[in-house]
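Beneath this line is the structure, given in structure tokens, with notes to follow.
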Amino acid sequence: DHFFPQKTTFIVYDGKTFQPDTVTIPLGGTVIFKNNGKMPFWPASNLHPSHLEYPEFDPLKPIDPGASWQFTFTRVGNWGFHNHLFPSSVGVITVLKADGSKPDPIDCTKSENKQQCWESRITAALKEGGVDEAFDVFSNLYTSEPGFAESCHGISHLIGSEAYKQFENKESFHLSPKVTYCGFGFFHGFMEEMLITSGNIQEARDFCKYVGNTFSGTISFAQNACYHGIGHGAVDGGDPRYWGDPQAIMKPGFDLCEKVGGTDFETFLCGTGVVNGLAVAISNGEFGLSITPDKIMKLCEDIDKEVFKHACYDQINTLIYWVSGSDITKSFEILSTMKEMRYFDISMRSLSAVFAHNNMTTEQYQDMIKHCYQWNGSSRNECIIGFVSGLIEFGPPTKEYTLGLDFCGTKGFDSDGRYQCYKGMMEISGTYYDALKTASICSMIPKDIDVKTLKYCSTDSGQKAAASEYVPPQL
């Protein structure tokens, strides 16, 4: 049970796979990653794309062809890794104890092991019971593990990525309403894996239609999330020829969206994924990208096509949030630099949404209300609607709406603001839940709110689909 391997080990990347993809090293051993491929690669710790299991195990930039990067491991364990630019390329590095014995089973009570434990449990559930069982574990972790909520979107990426591999291998595959958990991150992972693996546009389009048919009359936003996932996947791989130029990086994605979108609305949804993927890349320092607060709006201004300009302003929230250091006052200051004001309310709604998170206190809710009330008219309303939408989008699985009810019931609203809050809550709830559950949520709204005027709550509205046509912003 005791083994003393060499202190230095080489792993070669050939452009698609790591050779070898499994190695064992002593504590304090070094792994040298050599790029023998024709494109840059980026070896890093799981999970993709956060690399939080072993954050130091990350070069923080791509490694050029012919170049090498090395890392010395000072933590015992089994460390999964991947190529950040082609996450299907994976491997495992086992770091032995000082006496040469194998690592102990992961102690999930220690905070530094949480990410690895979560990945291990989710991956095991995927293999044993498929997507449904993986999301059952996901839901349990969300409610029982402090800190899981902050990582849930990335972990839902993992489920989507692994689900595509099952789908590609023609294994038993079932889509359930659980794919909505944590902002539909499932579709980001699924479509990214599909585009990287096959690059088949028709396959992507067909899958989104399958999603729409599967959830017809129930979770109407699922198909929208699928098209968004296509755009997101088109950027996550990155083409080194365009690094450092955000417009050039987005263009292939936008071109793909025009091919895959059967309608202007589907093209728009795909475009939002492209912009979101770019924003994530910039905030992670990927692809030679960087940006300053005064240049953020120019990113959207420089886009010519209306449908993609709209998509940009809809998804510029991630970038503003990151550049501001997650400071809401600074974020609103950046938003105020917008020149193309017909998009202002669109960006206001999406920006306020990113400040919503689980386990917020009443004081934090009241503080958000004050921030929204610094704006007038429609901008104030969009701030309120956006925030409550964000609460539901990333809320506790199957109980997302409870955060909306809590926020809308917070003191600090005037009568119109309170109405706008419930209006926004129902606009998103009606696309997340089936008709029966939506009706139940409507019944929980206070009696002094005219519920019949809220979307999905009127007796004759039924469970309508989410917006299905593209409507450009008006001057």
Side-chain angles (χ1 to χ4, degrees), residues 149-150 153 182-183 272 275-276 279-280 283 291-297 299-300 312-396 400-429 445-446 449 454 473:
E150 285 71 26
H153 192 70
C182 215
T272 64
V275 178
N276 181 251
V280 171
S283 61
I291 201 164
T292 54
D294 59 311
K295 299 295 184 184
I296 291 179
M297 293 304 165
L299 194 69
C300 299
C312 183
Y313 282 112
D314 183 80
Q315 289 293 304
I316 202 68
N317 55 350
T318 301
L319 206 50
I320 295 176
Y321 181 84
W322 174 74
V323 169
S324 73
S326 66
D327 183 300
I328 191 168
T329 299
K330 292 179 180 178
S331 291
F332 282 156
E333 289 173 355
I334 294 172
L335 183 61
S336 297
T337 67
M338 183 184 294
K339 295 177 182 178
E340 299 178 303
M341 291 302 291
R342 67 185 183 276
Y343 299 99
F344 189 86
D345 285 354
I346 292 166
S347 296
M348 172 62 76
R349 179 183 285 214
S350 65
L351 179 58
S352 63
V354 298
F355 285 93
H357 56 83
N358 196 28
N359 297 321
M360 294 186 77
T361 65
T362 299
E363 290 73 21
Q364 288 174 311
Y365 283 160
Q366 291 173 333
D367 187 55
M368 187 65 200
I369 293 170
K370 290 177 183 177
H371 280 292
C372 289
Y373 269 76
Q374 71 179 276
W375 306 97
N376 297 317
S378 61
S379 297
R380 184 201 67 177
N381 293 343
E382 293 301 323
C383 180
I384 294 169
I385 291 171
F387 185 76
V388 73
S389 298
L391 287 172
I392 292 172
E393 185 176 3
F394 293 98
E400 297 91 345
Y401 67 91
T402 59
L403 300 187
L405 290 169
D406 288 344
F407 175 61
C408 295
T410 301
K411 293 181 179 180
F413 290 112
D414 61 12
S415 58
D416 182 60
R418 187 163 166 261
Y419 174 82
Q420 295 296 329
C421 188
Y422 286 113
K423 173 186 173 184
M425 184 187 81
M426 291 315 306
E427 282 181 2
I428 190 168
S429 293
I445 295 174
I449 299 294
L454 302 181

- [ ] State which residue, out of I385, V388, I449, fulfils the side-chain contact (heavy atoms from CB on, under 4.5 Å) condition with Y422.
- [x] I449
Task: Separation between CG of L335 and CD1 of I316, rounded to the nearest 0.5 Å - done: 10.0 Å
Open item on the list: Could you tell me if the side chain of F387 sits less than 4.5 Å from the side chain of I369, heavy atoms only?
Closed with: no
Task: Any I296 side-chain heavy atom under 4.5 Å of I320 side chain - done: yes
Task: Working for side chain to side chain contact (heavy atoms under 4.5 Å, CB included), residues N381 and D416 - done: CA-CA 9 Å; N381 293 343; D416 182 60; 3.7 Å; yes
Open item on the list: If you define the side chain from C-beta out and look only at heavy atoms, does anything of I384 sit under 4.5 Å from Y373?
Closed with: yes
Open item on the list: Main chain of Q315, side chain of N276: is a donor-acceptor contact present, judged purely on distance under 3.5 Å?
Closed with: no
TODO: Kindly assign one of parallel, tilted or perpendicular to the pair Y313 and Y343, based on the angle between their ring planes and the thresholds 30° and 60°.
DONE: parallel
- [ ] Find the distance between CG (L403) and NE2 (H357) and round it off to the nearest 0.5 Å.
- [x] 11.0 Å
TODO: Please test T362 against Q366 for side chain to side chain contact (heavy atoms under 4.5 Å, CB included), starting from the C-alpha separation and ending with a verdict.
DONE: CA-CA 6 Å; T362 299; Q366 291 173 333; 4.0 Å; yes
Open item on the list: When you compare the side chain of M360 with that of L391, does any pair of heavy atoms fall below 4.5 Å?
Closed with: yes
- [ ] Search all heavy atoms of S326 against all heavy atoms of F355 and return the closest pair with its distance.
- [x] O-CE2, 3.5 Å
Open item on the list: Would you say that S336 contacts W375 through its side chain, given a criterion of any heavy-atom pair below 4.5 Å between the two side chains?
Closed with: yes
Open item on the list: Evaluate W322 against V280 for side chain to side chain contact (heavy atoms under 4.5 Å, CB included), listing each step before the verdict.
Closed with: CA-CA 9 Å; W322 174 74; V280 171; over 6 Å; no
TODO: Look up atom OG in S389 and atom CZ in R349, then write down how far apart they are to the nearest 0.5 Å.
DONE: 5.5 Å
Open item on the list: For a 4.5 angstrom cut-off between non-hydrogen side-chain atoms, does S352 reach M368?
Closed with: yes
- [ ] Kindly indicate whether the side chain of R418, heavy atoms from C-beta on, has any atom under 4.5 Å from the side chain of P446.
- [x] yes
TODO: To the nearest 0.5 Å, tell me how far Y401 OH sits from C408 SG.
DONE: 14.0 Å
- [ ] Could you tell me whether F413 and Y365 have their ring centroids closer than 6.0 angstrom?
- [x] no
Task: Polar contact flag, side-chain donor to acceptor under 3.5 angstrom, D314-T272 - done: no
Task: Spacing of M348 atom CE and S378 atom OG [to the nearest 0.5 Å] - done: 9.0 Å
Open item on the list: Could you measure the distance from the OG1 atom of T410 to the CG atom of L405? Nearest 0.5 Å is fine.
Closed with: 10.5 Å
Task: Audit row: S347, E382, side chain to side chain contact (heavy atoms under 4.5 Å, CB included) steps and yes/no - done: CA-CA 9 Å; S347 296; E382 293 301 323; over 6 Å; no
Open item on the list: Can you confirm whether I428 sits close enough to E400 that some side-chain heavy atom of one is under 4.5 Å from a side-chain heavy atom of the other?
Closed with: no
